[in-house]
Amino acid sequence: MEYNFREVEKKWQEYWAKNKTFRAENKSSKPKYYVLDMFPYPSGAGLHVGHPLGYIASDIFARYKRLKGFNVLHPMGYDSFGLPAEQYAIQTGQHPEITTKTNIARYREQLDKIGFSFDWEREVRTSNPDYYKWTQWIFIQLFNSWYNPETNKAERIELLIQRFRNGSLSFGAGSWDSLSEKEQSDILLNYRLAYLSETMVNWCPQLGTVLANEEVKDGVSERGGYPVERKLMNQWSLRITAYADRLLTDLDGIDWTESIKEAQRNWIGKSEGTSLKFHLSPGKEQNSQSPHPLPLSKGEGSASQKKEESIAAKEIGGEPGYITSNKKIWGNLKENARANRKEQTEAEEILWDKVRDNKLGFKIRRQHPVDQFIADFICLDKKLIIEVDGSIHEYQKDYDEGRTFMLEDIGYRIIRFSNSSVKNNIDFVCNGITKALNAPIEQEHTSGSVTPLLWRGAGGEANDGKGFIEVFTTRPDTIFGVSFVTLAPEHELVEKVTTAENKKAVEEYVTMAKNRSERERQADVKKITGVFTGSYVEHPFTGKQIPIWVGDYVLAGYGTGAVMAVPMHDTRDFAFASHFGIEKHMVIQPPVDWDFAMNSYDEKSGKLINSDFLNGLEVKDAVKKAIAVIEERGLGKGKTNFRLRDAIFGRQRYWGEPIPVYYKHLSPTLSTGEGDVIPCVVDEKDLPLLLPEVDKYLPTETGEPPLARATSFKKDGKWDYEFSTMPGWAGSSWYFLRYMDAHNEKEFVSKEAVDYWQNVDLYIGGAEHATGHLLYVRFWTKFLNDLGLIPVIEPAKKLINQGMIQGVSEKMYMFQGRRNSWGPNSPLTDTQFIFKGGEPRPIFFSADILNSYIERCKKAGDDPKSIFDEITSINVDIRLVKNGKLNIAEFISWNKTGEWTKAVFICSGSETVYYDGQWYDQNNNIVNASDFNTFQEVEKMSKRWHNVVNPDDMVEQHGADCLRLYEMFLGPLELSKPWNTNGITGVSNFIRKLWRLYHKDDELNVSNEPATKPELKVLHKTIKKIISDIEGFSFNTSVSNFMICVNELTELKCNKREILEPLAIIIAPYAPHLAEELWSKLGHNDTITFAAFPECKEEYLVESAFNYPVSFNGKTRFFHEYELSLTKEDIEKQVLTLEQTQKYLEGKTPKKIIVVHNKIVNIVV
RNA sequence: GCCCAGUUGGCGGAAUUGGUAGACGCGCUGGUCUCAAACACCAGUGAGAAAUCGUGCCGGUUCGACUCCGGCACUGGGUACCA
């Protein structure tokens, strides 16, 4: 009886399921081990062929760890929310839940067939309410948290409010409690880790949704390849940027593949440099429509109105005071300050009365110039600025906060009060000011990454030419090489610095640049565009005039949206300057032969020249010195920038977790007459917020997301819930925790469970998730850890990437028509051409004929295509081809149109021709079948190319154990490789051979006699190899080693229990069904799953002699065996006496003899 | 462009800290069995007639290099004007 894999595999799969063999306990005396596979999305196409590869590897490891005495958690579940099910729903009207369920059932069936040791009791599905309840719960925690830059941790938002209340942290306006609910809500949104803001998003009209950066590839959506455009939308986002530095530094502590870590590092994109201000240069070219700088506060009304008002003349008052501003613009500001004082708002007058003449114990000035701004009130001793704002307008907010940040940057604290607070509660305001005056001066603002403020388009007011442009640079050493400054087209100063005569050109350019889609922008990166504004800035050290340009090579979203261009030492600046003929200055001595005609010298090495105080320094030192001087002179500050952006968290789609937010309408206010709306999170006790039923899975007529169709989807029947749903990665950002405690109804995971399981010990999955899932899950883990909810800061200790699986396409070329007579290089001679004069038939050539034909054409310089009218490439279904040989009859009937029934197949070697169902030789005699070869090409696996390999088919034909072994045998796990089933028969044979070791004439034939030394040696050699292979994740070599072991034992005719029993155990992780069957036949009543993995006993491996390769000058010539007890000297002497040695010496005397014990003998002649 | 990984027979791939290059398997060739084929089993299989030459290419270190060093080419993946 041959091994019947169908029966055996079914039997053991049923046994495992019935006995719950792989159930993991949350309490155990055994050490724990957590093996996790990346979540599959259950697509309609069934299990992707790339999936089993990783699953088999992790399963082998899980089973191995069980044999090694670990309590193993090895779960599986489904990332079941997502676009494909929804697209299908839109097309068919079928509820995505139904599709999802069907798909999951199919996945499960496929997974079960491969014999995985998953603990199915812990299965999770992200689309189940009992799962997404906790995804929503975590969102609420994010909403209710802020990032404290001092503790460098997320904290409850209550702690922030507390600090606002007690004045230990400034939020802008004086007293927290005097603020309206709306004002408080708005301020808090600037700090919450889940926040709503107007953001530039990647909008995909075809998908009707917003995509994350990593879902966009080359300007089109990753899924479907639809165009993507930039659009400003009000969106929920997660403040992942707060974690940028920790996400980066903690990478060092985890054992992940270097390529993933590198991809994350690049994605986070930390760059250290400095900010630097370039003051606008006064000049006749300037556009001086607004002659005065703006006050910090702008009185009532909209932003634009305020600007107008500020121009109006104001009363002169107060004193000249200290020069707190840039000296050059001091005079100018002073004038404006005087003007401002003429027109004080009512609130400002009230406050002035309360604070003037040292009434609060400190000297307070009003309308005092600071830096480029004018402060409403200022206490110079305490470096405290007091601002009285109108009601904060949405658009103005970022802007004011930007200035707050800048002033704080140079050491000022700013507190803000609303006009209404001053008018209605002046005592409270005064209290707040006193508190602030008496509070110790806080530490300076640190890294820009932790500020919750959006900080874009930095620069001071520029309307009188006295403002500045702030740039970010990592190369402050090249400051003396600056020859222009470039602003991003979206930069807020563009309009202001443009002179009247350049206005038209700049406006046209900006409009063009903004409308250019992302895709176009990416498509012609090389195309250099830009325009001169007509204005200049002053060089901060030389005072020289530097032109301001606008160019779309500068990104509005990075740094300050402005760069100092150093064409000689930056490739992009070089290209820009060359294109527009702008001058270039060399400031770093390049190597002698450097060709500046074509290239800038970007290297961070060399000595500084033409650079004043930096001359002679090495780049590294020059950077340090430049930063020091810039800081000293107050021109800028050392800064760190991150490329990482906050993660957009809303999708305008149906099939996802509802965001547990509703919009509360506040009572109407006097000023506006209508009620403000604030976002609030759903009460935790009301979770889950269920996904409502809708009539269609499409947006509403007004363009609202599908959830808006559910008219009853309202909080308490009156307030709208958020209509967008969470992105696909929400559920997968914490699923590793849920597996630990999958059915907990009270918590997302219990403390006991997470304290026991901690985090994943081994995580296996594709590298395509490097900057998506793998970054977000790290972010959520850190966040949950900050709140003290879990004990770990990383989700997975070790991560291995399985390689991508590519398909192997089988290709053929069909030739039709015949243009020329056969030349000397033709694929056929005329005698071989059977149909001369007959009807034209399509011709197929075996690959070897075509290859040599093309080769001949190449040599002769002919065009191989010239002899036929038409050549068609055909992808043949790979099932019709075996080892590159086509089954012609099946191929002909494969084509439903019957187009190939008349075709002629010129077979391998051109000896034989097939047509009309027969093979003929050159003389038209009917002959036996011969081979027809196809071309093989590695392509993406896709239905379109007819090269998809279905794991089910493989299991059906060869069995699960064979599939498992073969997949591992293919090559290293992490290497991308084409999926080719040609070699599977070797593995199949191996399984039969292994079976035969235990059997004779269909009966189990295992002897209880003691094993011989050679048998033990084979076994223990194998044990040793297998252990080191598994632990080094080298699964392909372990399969080879099993083969070697079985071959050797077969050779030894070994059937000893002492050998075969341990052998069954060591192979059990790889071929579990077969191992279980053998185990039970050997007389065991229990599963092999928890048997003890055998130890390797070195004593069986000890050799007494070694067959030394004897080489001459490193080339091996012959072998000779020596006892290991011999010394090097003994061997040296003895090897010279050998006849063969003398032969190779050819009479010469050896210069040197090297003997490496147990390795080699090398004779140098 | 930049970053990462890789390049070994006809093919997938082995090769411990520098020490017998090509393990294991596929394919191929020949043989046994069979009326025949398939299966199975046995033998051979890097190239070359041979001397020899051979791990993408050029150079270096070493008694000895697939392995280490310098330079280059190509393939695959990531990223895309990140200042």
Side-chain angles (χ1 to χ4, degrees), chain A residues 2 214 217-219 257-267 269-271 273 471-475 478 486 521-522 525-528 551-555 557-566 570-573 575-576 602 641-645 767-768 770-771 801 803-804 806 808 882-885 928-929 936 938 966 969-972 974-990 992 1025 1028 1032 1034 1036-1037 1039-1044 1047 1107-1119 1150-1154 1156 1158-1165:
Chain A
E2 282 286 285
E214 52 285 345
K217 293 253 143 56
D218 303 321
T257 52
E258 206 42 52
S259 58
I260 291 280
K261 293 211 245 180
E262 203 54 38
Q264 293 211 346
R265 284 188 196 114
N266 292 339
W267 192 260
K270 182 177 184 170
S271 57
V471 302
F472 173 74
T473 178
T474 56
R475 293 296 303 274
T478 60
T486 316
R521 239 168 127 149
Q522 282 173 9
V525 170
K526 299 243 161 58
K527 198 172 147 195
I528 296 154
D552 72 354
Y553 80 100
V554 178
L555 301 176
Y558 184 78
T560 62
V563 302
M564 59 175 224
V566 186
D570 182 282
T571 307
R572 293 152 307 177
D573 298 339
F576 195 85
D602 296 8
N641 257 315
F642 292 94
R643 205 184 77 114
L644 185 71
R645 295 295 136 77
E768 66 273 21
T771 53
N801 295 121
M804 304 263 225
Q806 297 144 300
V808 180
K882 208 185 158 194
N883 279 318
K885 290 176 183 47
N928 288 334
Q936 281 82 45
V938 175
Y966 181 63
F969 185 62
L970 266 178
E974 65 280 6
L975 232 68
S976 281
K977 51 198 161 262
W979 184 292
N980 196 321
T981 50
N982 284 348
I984 199 159
T985 52
V987 175
S988 199
N989 287 344
F990 158 74
R992 280 208 293 273
K1025 277 296 286 176
S1028 77
S1034 173
N1036 55 327
T1037 51
V1039 179
S1040 297
N1041 283 308
F1042 283 127
M1043 289 174 172
I1044 294 167
N1047 287 347
N1107 197 17
Y1108 281 90
V1110 180
S1111 57
F1112 292 79
N1113 293 333
K1115 294 277 170 210
T1116 305
R1117 299 303 181 191
F1118 62 89
F1119 294 88
K1151 278 186 193 157
K1152 199 174 172 187
I1153 299 172
I1154 289 126
V1156 182
N1158 215 0
K1159 282 265 158 60
I1160 200 170
V1161 175
N1162 190 20
I1163 300 170
V1164 188
V1165 186

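Letters A, B, ... mirror the listed sequences (proteins, then strands); counts begin at 1. For the numbers below, each heavy atom of this structure counts, side chains included, while hydrogens, waters and symmetry mates do not. Everything quoted here is computed from the prediction, not taken from an experiment.
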Is the shortest side-chain heavy-atom distance between A:Val554 and A:Arg572 below 4.5 Å? no

All side chain to side chain donor-acceptor pair (under 3.5 Å) counterparts of A:Thr985, not counting sequence neighbours: none

Name the orientation of the base relative to the sugar in B:G22: syn if the glycosidic angle is within 90° of 0, else anti. anti

Taking every heavy atom of A:Val471 against every heavy atom of A:Thr560, the minimum-distance pair comes out as CA-OG1, 3.3 Å

Touch check for A:Ile1044, heavy atoms < 4.0 angstrom, all strands: base, sugar-phosphate only, or nothing? sugar-phosphate

Looking at A:Asp602 and A:Arg475, what are the two nearest heavy atoms and their distance? O-NH1, 3.3 Å

Counting any heavy atom closer than 4.0 Å, what does A:Val1164 reach on the DNA or RNA strands: base, sugar-phosphate only, or nothing? sugar-phosphate

Could you measure the distance from the NZ atom of A:Lys1159 to the CD1 atom of A:Ile1154? Nearest 0.5 Å is fine. 15.0 Å

All ring pair (Phe, Tyr, Trp, His ring centres under 6.0 Å) counterparts of A:Phe1042, not counting sequence neighbours: A:Tyr1070

How would you label the contact of A:Thr571 with the nucleic acid (heavy atoms, under 4.0 Å): base, sugar-phosphate, or nothing? nothing

The answer to which of A:Pro1109 and A:Ser271 contacts RNA chain B further toward the 5' end, by nearest nucleotide, is A:Pro1109

To the nearest angstrom, the CG-P distance between A:Asp552 and B:C81 comes to 10 Å

With respect to the phosphate group of B:G25, does any side-chain polar atom (N or O) of A:Asn1047 fall under 4.0 Å of OP1 or OP2? yes

base_contact_polar (B:C63 base, A:Asn1162 side chain, donor-acceptor, <3.5 Å): yes

Would you indicate what A:Asn989 reaches in the nucleic acid, counting non-hydrogen atoms under 4.0 angstrom: base, sugar-phosphate, or nothing? sugar-phosphate

Quick one: A:Tyr558 OH to B:U79 P, roughly how many Å, whole number? 18 Å

Protein heavy-atom contacts under 4.0 Å, written 5' to 3' over nucleotides 2-18 of chain B as B (base), S (sugar-phosphate only) or - (none), form the string -SS-------BSS--B-

Write down the distance between CD (A:Glu768) and C1' (B:G76), rounded to a whole number of angstrom. 15 Å

Using atom C1' in both nucleotides, what's the gap between B:G64 and B:A21 to the nearest angstrom? 14 Å

In whole angstrom, give me the gap between the P atoms of B:G6 and B:A83. 27 Å

Could you state the CZ-P distance from A:Arg475 to B:C82, rounded to the nearest angstrom? 14 Å

Note, RNA chain B 5' to 3' with Watson-Crick or G-U pairs under 3.5 Å encoded as ( ), [ ], | and . gives (((((((..(((......[....)))((((((.......))))))((....))..(((((..]....))))))))))))....

Which heavy-atom pair separates A:Tyr558 from A:Ser271 by the least distance, and what is that distance? OH-OG, 2.6 Å

Distances for protein N or O near nucleotides 42-47 of chain B N or O, under 3.5 Å:
none

If you look at every strand shown and take non-hydrogen atoms under 4.0 Å, does A:Phe1042 touch a base, only sugar-phosphate, or nothing? nothing

Taking only residues two or more places apart in sequence or in another chain, which ones pass ring pair (Phe, Tyr, Trp, His ring centres under 6.0 Å) with A:Tyr966? none

Could you state the atom-to-atom distance from CH2 of A:Trp267 to C1' of B:U79 in whole Å? 8 Å

